[in-house]
A.B. asks: 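Take a look at this one; I'll ask things after.
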Amino acid sequence: MIRIAQPLIGVAEEKAVLKVLKSGMLVQGPVVRRFEKKFAEYIGTKHAVATNNGTSALHASLLSLDIQKGDEIITTPFSFIASANSILYVGARPVFADIDPKTFNVDPEQIKEKITGKTKALLIVHLYGQPCDMDLITEICEDYDLKLIEDCSQSHGAECKGKKVGSFGDCATFSFYSTKNITTGEGGMITTGNDKIAGRARLVRAHGSRKKYRHEILGYNYRMTDISAAIGIEQLKKLDEMNKRRIKNAKMLTKSIKNIKGLILPHTIPKVKHVFHQYTIRVTDEFFLSRNELAGGLNKKGIETKIHYPLPIHKQELYQKLDYHEHLPVAEKASREVLSLPVHPGVSEEEVEYITATLQSVG
Ligand SMILES: *Cc1c(COP(=O)(O)O)cnc(C)c1O
């Protein structure tokens, strides 16, 4: 089976983990600090604060920005649930702006429509590895005096005009879950250039404590283990190379399937580095099979696919119960049409050829 995602863990990671296990210092120790330093250098921010997953990184970020009950945060309805749920965690209200049909990222024009007196921040997601249009997003933040949080859980190493995502916002978050562009099993990171935000995130991560058994604010246990950080340091060294392979696989896929009637292929906007966390096509009504028939056909031939995401966030049962009844047509249509094909660095050239040949013959 050609899997839709697959962590690439090698001897370097194994050795690094063993070294930590033998060191006697397993959590929030020197290896975590080294990973934070390397990650901040890589992204180009002054600070990086490691957490135990990407969701806790989002929660800690919103707390560090002092987002509170009654605040409105504009975000995308087309993402993994964590990006919006983190807003609920702090008692604020996620306000959904519809997406751009070509990139699947939140549409800046739609954001403007949703701004009210209560809007405090934008929480954007660089979906599938493609950066949002950061010129437009930062302009909105300046014009309306809004804070910016970037969810970079799918875009490690992606760039907008040569600048890495994760360095644009007041703060940004990453996930190192096992399917992401780099992994630590479970893990997360907050990046920021702001001393105060970094300091507060560190407090939130460790039960509000700077000094052992002295607690200044309400915090959580969001610490990363040194075992995870050891894996992360080795993964980070390989990130650019692994992204290169994702980009190469994506180019090959596009070249071979661009002329199939009824399939719409990923669109990359100018001046960005898209790191293809996912290679997601649209299966439209013009295609001779339904999306589910195509997915089933590929699966029978040993090719795993996935739908990211089958239901937009505002349509989830949880949000229905919270009285979200608006219609966001672009996100809803995307949910009915998208299908992700294997693009990760574990997919070989021959396997890409097999995928494209199968796509042409399936049915
Ligand atoms: C994976 C992901 C998260 C959550 O990260 P976890 O490490 O699984 O908690 C948040 N947002 C997006 C967009 C993601 O893809």
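Remember, it's a predicted structure, so these values are computed and weren't measured experimentally.
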A.B. asks: Does a side-chain N-to-carboxylate-O contact under 4.0 Å join D143 and K112?
C.D. replies: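 A salt bridge is absent here (no side-chain N lies under 4.0 Å from a carboxylate O).
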A.B. asks: Any side-chain heavy atom of H47 within less than 4.5 Å of one from D195?
C.D. replies: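 A side-chain contact under 4.5 Å exists here.
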A.B. asks: Testing the basics here: between K273 and I247, what is the closest heavy-atom pair and its distance to 0.1 Å?
C.D. replies: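 For K273 and I247, the tightest heavy-atom pair comes out as CE-CD1, 4.0 Å.
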A.B. asks: Got H344 and R246 here, is their nearest side-chain heavy-atom distance under 4.5 Å?
C.D. replies: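 With C-beta onward as the side chain, the pair touches.
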A.B. asks: Determine the minimum heavy-atom distance between N105 and P131, stating which atoms define it.
C.D. replies: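 Heavy atoms only, the tightest pair is ND2-O, 3.5 Å.
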A.B. asks: For the pair E234 and K237, find out whether any cationic side-chain nitrogen is under 4.0 Å from an anionic carboxylate oxygen.
C.D. replies: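 Here E234 pairs with K237 in a salt bridge, since their nearest N and O are under 4.0 Å apart.
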A.B. asks: With the side chain counted from C-beta on, respond yes when I303 and I2 share a heavy-atom pair under 4.5 Å apart, and no when they do not.
C.D. replies: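 Touching, per the 4.5 Å side-chain cut-off.
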A.B. asks: Specify whether F80 and Y309 have parallel, tilted or perpendicular ring planes, treating 30° as the upper limit for parallel and 60° as the lower limit for perpendicular.
C.D. replies: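 Because their plane-to-plane angle lies in the 30° to 60° range, the rings of F80 and Y309 count as tilted.
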A.B. asks: Does P108 offer a backbone N or O that forms a donor-acceptor pair with the side chain of D133 under 3.5 Å?
C.D. replies: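 Answer holds: no.
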A.B. asks: So does E349 pair up with K248, basic N to acidic O under 4.0 Å?
C.D. replies: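 Result for this pair is yes, salt bridge flagged.
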A.B. asks: Quick one: does any side-chain atom of Q154 pair with a main-chain N or O of V125 as donor and acceptor, under 3.5 Å?
C.D. replies: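 Not a single qualifying donor-acceptor pair exists.
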A.B. asks: Between R210, R200, K211, which is the residue that forms a side-chain hydrogen bond (donor to acceptor under 3.5 Å, both in side chains) with E216?
C.D. replies: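 When R210, R200, K211 are each tested with E216, the side-chain hydrogen bond (donor to acceptor under 3.5 Å, both in side chains) holds only for R210.
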A.B. asks: Which class fits the ring pair F35 and F39: parallel under 30°, tilted 30 to 60°, perpendicular over 60°?
C.D. replies: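 Rings of F35 and F39: perpendicular, over 60°.
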A.B. asks: Checking S256 side chain against L253 main chain: does a donor-acceptor pair fall under 3.5 Å?
C.D. replies: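 No: the side chain of S256 does not pair with the backbone of L253.
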A.B. asks: So, for G166 and T191, which heavy atoms are closest and what is the spacing to 0.1 Å?
C.D. replies: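 Heavy atoms only, the tightest pair is O-OG1, 2.8 Å.
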A.B. asks: Verify the cluster assignment for M25 and V20: are they in a single hydrophobic cluster under the rule of side-chain heavy atoms below 4.5 Å apart?
C.D. replies: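 No; tracing contacts between hydrophobic side chains, which count when under 4.5 Å, never links both residues.
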A.B. asks: Considering residues, nucleotides and ligands other than K164, do more than 12 of their heavy atoms fall under 6.0 Å from its NZ?
C.D. replies: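 It does: K164 NZ has more than 12 such atoms within range.
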A.B. asks: Distance check, rounded to the nearest 0.5 Å: E337 atom CD versus I307 atom CD1?
C.D. replies: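 The distance works out to 11.5 Å.
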A.B. asks: Taking only residues at least two apart or on different chains, which pairs with a member in residues 7-18 satisfy side chain to side chain donor-acceptor pair (under 3.5 Å)?
C.D. replies: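 Pairs touching residues 7-18 that pass the test: E13-Q235, E13-K238.
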A.B. asks: Does a side-chain N-to-carboxylate-O contact under 4.0 Å join E332 and R336?
C.D. replies: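 Answer for the salt bridge query: no.
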A.B. asks: Is K38 salt-bridged to E41, going by a charged N under 4.0 Å from an acidic O?
C.D. replies: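 Between E41 and K38 there is no salt bridge, as every charged N stays at least 4.0 Å from the carboxylate O atoms.
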A.B. asks: Ignoring hydrogens and geometry, is there a side-chain-to-backbone donor-acceptor pair from D151 to H126 under 3.5 Å?
C.D. replies: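 No: the side chain of D151 does not pair with the backbone of H126.
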A.B. asks: About how many Å separate NE2 of H277 and NE2 of H156, when rounded to the nearest 0.5 Å?
C.D. replies: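 H156 atom NE2 to H277 atom NE2 measures 8.0 Å (nearest 0.5 Å).
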A.B. asks: If we only count heavy atoms from C-beta on, is the L63 to I217 side-chain gap below 4.5 Å?
C.D. replies: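 With C-beta onward as the side chain, the pair stays apart.
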A.B. asks: Rounded to the nearest 0.5 Å, what separation is found between the CG atom of L62 and the CG atom of D71?
C.D. replies: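 Rounded to the nearest 0.5 Å, the CG-CG separation comes to 10.0 Å.
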A.B. asks: What distance separates T76 OG1 from F96 CZ, expressed to the nearest 0.5 Å?
C.D. replies: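 Between atom OG1 of T76 and atom CZ of F96 there are 8.5 Å.
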A.B. asks: For Y324, is there any backbone N or O sitting under 3.5 Å from a side-chain donor or acceptor partner on Q320?
C.D. replies: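 Between the backbone of Y324 and the side chain of Q320 there is a qualifying donor-acceptor contact (under 3.5 Å).
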A.B. asks: For Y42 and G157, which heavy atoms make the closest approach, and how far apart are they?
C.D. replies: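 What the structure gives for the nearest pair is OH-CA, 3.4 Å.
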A.B. asks: Please tell me if the side chains of T119 and K114 come closer than 4.5 Å, counting only heavy atoms from C-beta onward.
C.D. replies: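 A side-chain contact is absent here, since even the closest heavy-atom pair is not under 4.5 Å.
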A.B. asks: Please answer whether the main-chain N or O of G262 pairs with a side-chain N or O of E286 as donor and acceptor at a distance below 3.5 Å.
C.D. replies: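 No; judged by distance alone, with no hydrogens or angles, the pair does not exist.
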A.B. asks: Given side chain to side chain contact (heavy atoms under 4.5 Å, CB included), test I269 with K271 step by step and report yes or no.
C.D. replies: CA-CA 7 Å; I269 61 173; K271 295 182 186 153; over 6 Å; no
A.B. asks: Under the side chain to side chain contact (heavy atoms under 4.5 Å, CB included) rule, what do L298 and L294 come out as? Steps first, then yes or no, please.
C.D. replies: CA-CA 6 Å; L298 290 172; L294 175 60; 4.1 Å; yes
A.B. asks: Can Y279 and L265 be said to form a side chain to side chain contact (heavy atoms under 4.5 Å, CB included), step by step?
C.D. replies: CA-CA 8 Å; Y279 184 92; L265 306 188; 4.0 Å; yes
A.B. asks: So, taking the atom named CZ in F176 and the one named CG in N53, what distance separates them when rounded to the nearest 0.5 Å?
C.D. replies: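 The CG atom of N53 is 11.0 Å from CZ of F176, to the nearest 0.5 Å.
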A.B. asks: Mark yes or no for whether N243, through its side chain, and A158, through its backbone, hold a donor-acceptor pair below 3.5 Å.
C.D. replies: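 Checking the backbone N and O of A158 against the side chain of N243, no donor-acceptor pair under 3.5 Å is found.
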A.B. asks: If hydrophobic clusters are built from ILVMFWY residues whose side chains come within less than 4.5 Å, do I149 and L203 share one?
C.D. replies: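 Yes, because I149 and L203 connect within a single hydrophobic cluster, where side-chain heavy atoms sit under 4.5 Å apart.
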A.B. asks: Looking only at atom types and distance, does a side-chain atom of Q110 sit under 3.5 Å from a main-chain N or O of I99, one as donor and one as acceptor?
C.D. replies: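 Flag not set: sc Q110 to bb I99 has no pair under 3.5 Å.
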A.B. asks: Apply the hydrophobic cluster definition, ILVMFWY joined by side-chain contacts under 4.5 Å directly or through others, and give me every member besides M134.
C.D. replies: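 Members other than M134 - counting any ILVMFWY side chain reachable under 4.5 Å - are I74, V95, V106, I111, I115, L122, I124, I137, I140, Y144, L146, L148, F168.
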A.B. asks: Do the side chains of V11 and I231 join up, straight or via other hydrophobic residues, at under 4.5 Å, putting them in one cluster?
C.D. replies: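 Unlinked, V11 and I231 end up in two clusters.
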A.B. asks: Test: side chain to side chain donor-acceptor pair (under 3.5 Å). Region: residues 81-102. Which pairs qualify, not counting sequence neighbours?
C.D. replies: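 Residue pairs passing side chain to side chain donor-acceptor pair (under 3.5 Å), neighbours aside: S79-S83, N85-Y319.
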A.B. asks: Out of curiosity, D170 CG to S64 OG, how far, rounded to the nearest 0.5 Å?
C.D. replies: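 Here the interatomic distance stands at 11.5 Å.
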A.B. asks: For side-chain hydrogen bond (donor to acceptor under 3.5 Å, both in side chains), just list the numbers for S340 and H308, CA-CA rounded to whole Å, side-chain angles, deciding distance to a tenth of an Å, and then say yes or no.
C.D. replies: CA-CA 7 Å; S340 301; H308 303 103; 2.8 Å; yes
A.B. asks: Parallel under 30°, tilted from 30 to 60°, perpendicular over 60°: which one fits the rings of H207 and H215?
C.D. replies: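 Rings of H207 and H215: perpendicular, over 60°.
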A.B. asks: Atom CG of residue position D145 - does it have more than 12 heavy atoms of other residues, nucleotides or ligands inside 6.0 Å?
C.D. replies: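 No - once you tally the heavy atoms of other residues, nucleotides and ligands closer than 6.0 Å, there are 12 at most.
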A.B. asks: What are the two closest heavy atoms between T173 and S61, and how far apart are they?
C.D. replies: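 Here T173 and S61 meet closest at CG2-OG, 3.3 Å.
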A.B. asks: Among the clusters formed by ILVMFWY side chains lying less than 4.5 Å apart, do I313 and Y128 turn up in the same one?
C.D. replies: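 Linked, I313 and Y128 end up in one cluster.
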A.B. asks: Begin from the C-alpha positions of Y177 and S153 and carry the test side-chain hydrogen bond (donor to acceptor under 3.5 Å, both in side chains) through to its verdict.
C.D. replies: CA-CA 9 Å; Y177 179 62; S153 298; over 6 Å; no
A.B. asks: Counting only heavy atoms not in D285 (residues, nucleotides, ligands), do more than 12 fall under 6.0 Å from its CG?
C.D. replies: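 Atom CG in D285 is not crowded, with 12 or fewer foreign heavy atoms closer than 6.0 Å.
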A.B. asks: If you measure from the Lys or Arg side-chain nitrogens to the Asp or Glu carboxylate oxygens, is any gap between E150 and K163 under 4.0 Å?
C.D. replies: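 No salt bridge links E150 with K163.
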A.B. asks: Determine the minimum heavy-atom distance between T192 and T45, stating which atoms define it.
C.D. replies: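 Smallest interatomic distance, heavy atoms only, reads O-CB, 3.7 Å.
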A.B. asks: Check for me, please, whether L322 and I81 land in the same ILVMFWY cluster - side-chain distances under 4.5 Å, paths through other members count.
C.D. replies: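 They do share one cluster, since a chain of ILVMFWY contacts under 4.5 Å joins L322 to I81.
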A.B. asks: Going through the checks in order, is the side chain to side chain contact (heavy atoms under 4.5 Å, CB included) test met by Q278 and I4?
C.D. replies: CA-CA 9 Å; Q278 300 296 348; I4 186 72; 4.2 Å; yes
A.B. asks: T75 side chain to P94 main-chain N or O, any donor-acceptor pair under 3.5 Å?
C.D. replies: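 Answer holds: no.
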A.B. asks: With a 4.5 Å heavy-atom cut-off, do K180 and F174 have their side chains touching?
C.D. replies: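 Contact flag for K180/F174 side chains = no.
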A.B. asks: Taking C-beta and beyond as the side chain, do D226 and S23 meet within less than 4.5 Å on heavy atoms?
C.D. replies: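 SC-SC contact between D226 and S23 ruled out.
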A.B. asks: Please examine the side chains of N299 and T305, heavy atoms only from C-beta on, and report whether any two atoms are closer than 4.5 Å.
C.D. replies: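 Sidechains of N299 and T305: no contact.
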A.B. asks: Between E36 (side chain only) and A50 (backbone N and O only), is there a donor and an acceptor less than 3.5 Å apart?
C.D. replies: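 Yes.
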